[in-house]
A.B. asks: 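One structure, pasted below without further comment.
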Amino acid sequence: MDKVSIQPPRGVYDILPNESHIWQNAEISIRSCLKAASYKEIRTPIFEQTELFKRSVGEGTDIVNKEMYTFQDKSDRSMTLRPEGTASVVRAYLSNGLQRQAPPVKLFYFGPMFRYERVQKGRQRQFHQVGIEAFGSEGPAIDAESIVLASNVLQAVGINEFEIQINSIGCINCRPQHKQKLIEFFKPHLNNLCIDCRERFDKNPLRILDCKQDNSQPYFADAPKNIDHLCQACLDHWQKLLELLNGLSVKANINSTLVRGLDYYNRTVFEFVSHSDRLGAQSSILGGGRYDYLVEGLGGPSTPAIGWAMGLERLMLLLGEQKENSFLTFVVADNTDIGLKIALDLRKAGLESEIDYPPTGYNNRNISRQIQQANKLNASLVVIVGEKEIKANEASIKDMQTGEQTTISLDKLVNYVQEKQIKMGCKQ
RNA sequence: GCAGGUGUCGCCAAGUGGUUAAGGCCCCGGAUUGUGGUUCCGGUAUUCGCGGGUUCGAAUCCCGUCAUCUGCCCCA
C-alpha cells in the first residue's frame, strides 16, 4: 500500500511546504537583525559528549535529570543530543581558540534542540531555537544590548505583544547570603511546600521561587529577594543596567521570582513572555541571561558572557498562518523543447518559472489542461508559445488575475516579465 | 512520570452489533483536441491505528498496545 508503516517518533513533526516559507521569512528577518548588531553565525554539532551538558547546564536541573536524549555510541562513549545551545557554543568557542579574538566575540546560532518531555501545545521533543552569545564583556552595556536585540528580533518578525521580565540573581559572592536567607525563610513553611520544593530546599532553594505550585501562596511575596541582598558590584551592575534600559525606553518588568532553570546563570536573567492563548499552557518565548563562570568552568580563561535563546515553534504559533508571496510564470507550449527553453531563460534571470509535466505519456497536454495546471499552481502569469506564436516569433502573455492577454516578441519576453513582476509588487 | 479526551481515504467527517462502510474537500478522467478559476458527469477505503478476545456476525462490545491532543511539573 501507499501508506508508510513506520510512524515518526513521538514529539517530532514535519515542517511542510505550505508552512516552510513562514520559517524562511522569519529566519531572513532575524538574520538581518543579528547582522546589524554584528553577530556572526556559528554552526555546532547537534550532539556532544554527555559530560558537557552535565557540567554546564547543571546536575540538579530538570533538563539534565530527566530530559536528555542520551545514548552510547559504538565505542561506548556517552553522547547527548543537545538540549540547548549555549553549552555547545561555549565548547566550540574554546575548542577553536576564539577567546584569542578581540572581545567581545558575538555569535549566533539556529538549529534543532532535543528534550525528552511530554508533548503538548508549544512543546515538542525536537524543537528549534535561534540564540545569541556574547563573550568577553562584563559591563551592563552588553546586557542592555542583548535585551534590546531580542526585542528588535521579535518586532522584526511581526511580534509586538510581549512582556520583558528581568531579575538579578547575584554572583558567587552574594548568592550564598541570599541562599541562607531563603533557607531561614522557608524553614518554618517546609511542610506546606510541594514535594519537589522540599528537595529544592536542600539542593537549590533559589528555585523554590520559580515553582508555579507554591509561589501563588501569599507569604511568597515576603520571601527575601535577591535584589535586596546583592553585593556592591552586582548592585552597581543591576542599577546601571536598569538605567540603560530606561534610557533606551525599553520597558522591563522586574520579576523577583525569575531565576531560570539552568545552573550556569548569574547576575542578569530575563525572559520574554507572551500572554497569547495561541501558546497553550506556555508563555515564555525567549529566555537568557549572563553566565560569567561557564567559560572558566569548562576549562577556559575567566570570561564574562551573556546570551539568550528563542523558541521558533512558539514564534510560529504566535505568527499563525501566513500567505506566501510568490510570482510564478507558467510557460504553456505545444512543444516541450520550446517551453522548457523559455522557462530556463526566465530562471536564468531569477524569475520563478514552471512548465507542465504530464503525469503519464510523452506528449504535452492540450493548452486548456496546461492553463488549468498553471491555475492550480497559483501562477501570476501564463506565457503561451503555441504553433501560432512560434510562427510569429512571439508569445502570448496572460495575466491570471485580470485575465488580460497581450502578445510580445520572444526577445523581449524576459524583460517584460521582470517589469510585470515589479508592477505587481512581488519581490521574490 | 501523572490525569483526561481522541484515533473511519491526503484533509473534514457519517456510522453506536446484521446484506457490497454515507457525504464533502483535494486528487484523477471526461463534457471542452488554443485559454484557467464556475457548472455538470464519472473514478479513487476488500476496510475502520495495531494485536487479541466475545459473537452465527464487530468500525461498532471487552482487554491490551501504539499514536495523538489538552493539562500538571518545567521550560523555548
Side-chain angles (χ1 to χ4, degrees), chain A residues 1-13 16 18 57 60-67 82-86 111-131 150 194-197 199-200 207 210-214 258-262 271-274 277 279-288 308-318 330 332-334 356 358-360 363-390 396-405:
Chain A
M1 287 298 288
D2 55 352
K3 205 169 181 176
V4 184
S5 59
I6 299 174
Q7 293 173 319
R10 166 175 265 180
V12 305
Y13 68 105
L16 299 171
N18 64 357
V57 176
T61 61
D62 282 356
I63 290 178
V64 170
N65 279 342
K66 52 180 194 182
E67 295 173 2
R82 61 181 183 195
E84 58 104 48
T86 301
M113 305 295 162
F114 306 84
R115 291 185 200 171
Y116 193 89
E117 286 190 285
R118 278 311 275 206
V119 179
Q120 58 175 279
K121 198 181 184 79
R123 176 185 302 165
Q124 39 281 124
R125 290 183 172 181
Q126 175 174 343
F127 62 102
H128 297 80
Q129 287 186 333
V130 54
C194 70
I195 303 165
D196 290 335
C197 281
E199 259 190 51
R200 288 173 188 139
R207 293 199 55 226
D210 205 24
C211 177
K212 303 243 163 48
Q213 256 175 45
D214 289 332
L258 179 67
V259 301
R260 319 253 324 128
L262 287 75
E271 234 169 73
F272 283 50
V273 298
S274 160
D277 54 9
L279 289 183
Q282 272 56 245
S283 62
S284 166
I285 48 182
L286 182 150
W308 51 250
M310 177 167 77
L312 294 176
E313 274 76 7
R314 291 184 185 175
L315 195 67
M316 294 303 141
L317 285 175
L318 290 174
F330 194 97
V332 169
D334 292 325
D356 185 41
T360 57
N363 299 318
N364 281 1
R365 300 191 280 190
N366 65 46
I367 286 185
S368 178
R369 297 280 293 117
Q370 292 189 45
I371 294 179
Q372 211 176 86
Q373 182 68 11
N375 186 55
K376 277 175 193 160
L377 295 180
N378 213 357
S380 301
L381 245 43
V382 167
V383 172
I384 303 167
V385 278
E387 275 178 46
K388 212 168 66 185
E389 284 84 357
I390 292 305
S396 300
I397 300 180
K398 179 168 184 151
D399 182 320
M400 290 296 276
Q401 234 147 44
T402 62
E404 282 165 21
Q405 195 165 315

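The chains referred to below are lettered A, B, ... by the order of the sequence lines, with proteins before strands, and numbering in each begins at 1. Worth knowing before you read on, the calculation uses all heavy atoms, side chains too, and leaves out hydrogens, waters and symmetry mates.
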A.B. asks: Does A:R123 place a side-chain N or O at less than 4.0 Å from the phosphate oxygens OP1/OP2 of B:A76?
C.D. replies: no
A.B. asks: Does a side-chain N or O from A:R260 land closer than 4.0 Å to OP1 or OP2 of B:A76, or not?
C.D. replies: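 For B:A76, OP1/OP2 do have a side-chain N/O of A:R260 under 4.0 Å.
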A.B. asks: Using atom C1' of each nucleotide, how far apart are B:G52 and B:A14 to the nearest Å?
C.D. replies: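 So the two C1' atoms sit 28 Å from each other.
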A.B. asks: Rounded to the nearest angstrom, tell me the gap between atom CZ in A:R115 and atom C1' in B:C74.
C.D. replies: 9 Å
A.B. asks: Which part of the nucleic acid, if any, lies within contact of A:S274, taking any heavy atom under 4.0 Å across all strands shown: a base, the sugar-phosphate backbone alone, or nothing?
C.D. replies: nothing
A.B. asks: Would you mind reading off the distance between A:K66 atom NZ and B:C74 atom C1', rounded to a whole angstrom?
C.D. replies: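 Answer to the nearest Å: 6 Å.
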A.B. asks: Taking side chain to side chain donor-acceptor pair (under 3.5 Å) as the test, write out the residues that go with A:R125, two or more places apart.
C.D. replies: none
A.B. asks: Can you tell me how far CG of A:N375 sits from CE of A:M400, rounded to the nearest 0.5 angstrom?
C.D. replies: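 Separation between the atoms: 4.5 Å.
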A.B. asks: When you measure only distances, ignoring hydrogens and angles, does the side chain of A:K121 come within 3.5 Å of the base of B:G71 through a donor and an acceptor?
C.D. replies: no
A.B. asks: Determine the contact category for A:G403: base if any of its heavy atoms lies under 4.0 Å from a base atom, sugar-phosphate if only primed atoms, P, OP1 or OP2 are that close, otherwise nothing.
C.D. replies: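 The residue A:G403 makes base contact.
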A.B. asks: Say we look at B:U38 and B:U20: how far apart would their C1' atoms be, to the nearest angstrom?
C.D. replies: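 After rounding to an integer number of Å, I get 35 Å for this pair.
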A.B. asks: Nearest whole Å is fine: how far is B:A67 P from A:Y13 OH?
C.D. replies: 19 Å
A.B. asks: Considering all heavy atoms of both residues, which atom of A:Y13 and which atom of A:H128 are nearest to each other, and what is their separation?
C.D. replies: OH-ND1, 4.3 Å
A.B. asks: Check this for me: does the side-chain of A:E117 come within 3.5 Å of the base of B:A76 through a donor and an acceptor?
C.D. replies: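 Flag set: donor-acceptor pair detected.
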A.B. asks: When the C1' atoms of B:U35 and B:G43 are compared, how many Å lie between them, rounded to an integer?
C.D. replies: 26 Å
A.B. asks: Less than 4.5 Å apart, side chain to side chain, heavy atoms only: is that true for A:R82 and A:P112?
C.D. replies: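 Of all side-chain heavy-atom pairs linking A:P112 with A:R82, at least one is under 4.5 Å.
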A.B. asks: When the side chains of residues 114-121 of chain A are checked against the rest of the protein, which donor-acceptor pairs come out under 3.5 Å, sequence neighbours left out?
C.D. replies:
from: A:R115; atom 1: NE; to: A:P83; atom 2: O; distance (Å): 2.8
from: A:R115; atom 1: NH2; to: A:P83; atom 2: O; distance (Å): 3.0

A.B. asks: Once you apply a heavy-atom cut-off of 4.0 Å, does A:M113 come out as touching a base, just sugar-phosphate, or nothing?
C.D. replies: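 Nothing, no heavy atom under 4.0 Å.
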A.B. asks: Tell me if the side-chain of A:R314 makes a donor-acceptor pair with the base of B:C75, cut-off 3.5 Å, by modelled atom types.
C.D. replies: yes
A.B. asks: Using a heavy-atom cut-off of under 4.0 Å over every strand shown, decide if A:G85 touches base, sugar-phosphate, or nothing.
C.D. replies: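 Answer is nothing: A:G85 stays at 4.0 Å or more from every strand.
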A.B. asks: Which residue, A:R10 or A:G311, contacts RNA chain B at a nucleotide closer to its 5' end, judged by nearest heavy atom?
C.D. replies: A:R10
A.B. asks: Atom CD of A:Q372 and atom CZ of A:F330: how far apart are they, to the nearest 0.5 Å?
C.D. replies: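 One gets 11.0 Å once the value is rounded to the nearest 0.5 Å.
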A.B. asks: When rounded to the nearest Å, what value does the distance between C1' atoms of B:U44 and B:G29 take?
C.D. replies: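 Going atom to atom, C1' in each nucleotide, I get 11 Å.
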A.B. asks: Between B:C75 atom C1' and A:L317 atom CG, what is the distance in whole Å?
C.D. replies: 15 Å
A.B. asks: Spell out protein contact along nucleotides 28-34 of chain B as letters: B when the base is contacted, S when just the sugar-phosphate is, - when no protein heavy atom is under 4.0 Å; keep the 5' to 3' order.
C.D. replies: SS----B
A.B. asks: Both distances below 3.5 Å, Watson-Crick or wobble geometry, any strand: find the nucleotide opposite B:G37.
C.D. replies: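 When the pairing criteria are applied, nothing turns out to pair with B:G37, so the answer is none.
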A.B. asks: What's the CD-P distance between A:E67 and B:C72, to the nearest Å?
C.D. replies: 15 Å
A.B. asks: How close or far is atom P of B:C74 from atom CZ of A:F114, stated in whole angstroms?
C.D. replies: 25 Å
A.B. asks: When you get a sec, tell me which of B:C75, B:C74, B:C72 is the closest nucleotide to the side chain of A:A281?
C.D. replies: B:C72
A.B. asks: Of all the heavy-atom pairs spanning A:E84 and A:L262, show the shortest one and how long it is.
C.D. replies: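 It is OE1-CD2, 3.6 Å.
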A.B. asks: Taking all non-hydrogen atoms of both residues, which atom of A:V382 and which atom of A:A374 are closest, and how far apart?
C.D. replies: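 Smallest heavy-atom distance, with atoms named: CG2-CB, 3.6 Å.
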A.B. asks: Between B:U6 atom C1' and A:Q120 atom CD, what is the distance in whole Å?
C.D. replies: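 One finds 17 Å between C1' of B:U6 and CD of A:Q120, rounded.
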A.B. asks: Using Watson-Crick or G-U wobble geometry with both distances below 3.5 Å, tell me the partner of B:U68, or none.
C.D. replies: B:G5
A.B. asks: More than 12 non-hydrogen atoms from neighbouring residues, nucleotides or ligands closer than 6.0 Å to CD on A:Q405, yes or no?
C.D. replies: yes
A.B. asks: Taking atom P in both B:C25 and B:C41, compute the distance separating them and give it to the nearest angstrom.
C.D. replies: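 It comes out at 11 Å once rounded to the nearest Å.
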A.B. asks: What are the two closest non-hydrogen atoms of A:L286 and A:A150, and how far apart are they?
C.D. replies: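 That closest heavy-atom pairing would be CD1-CB, 3.7 Å.
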A.B. asks: Would you tell me if any nitrogen or oxygen in the side chain of A:Q129 comes within less than 4.0 Å of OP1 or OP2 on B:A76?
C.D. replies: no
A.B. asks: With sugar-phosphate meaning primed atoms plus P, OP1 and OP2, does A:Q370 contact a base, only sugar-phosphate, or nothing at under 4.0 Å between heavy atoms?
C.D. replies: nothing
A.B. asks: What's the gap between B:G53 and B:G10 when it is taken at their C1' atoms, as a whole Å value?
C.D. replies: 33 Å
A.B. asks: Once you apply the 3.5 Å cut-off to both distances, tell me the Watson-Crick or G-U wobble partner of B:C56, or none.
C.D. replies: B:G18
A.B. asks: With rounding to whole Å, what would you report as the distance between B:U55 and B:C11 at their C1' atoms?
C.D. replies: 35 Å
A.B. asks: Can you find a donor-acceptor N/O pair under 3.5 angstrom joining the side chain of A:N375 to the base of B:G36?
C.D. replies: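 Yes.
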A.B. asks: Taking the P atom in each of B:U33 and B:U70, what is the distance between them to the nearest angstrom?
C.D. replies: 50 Å
A.B. asks: Whole angstrom is fine here: how far is it from CD in A:Q124 over to P in B:A76?
C.D. replies: 14 Å
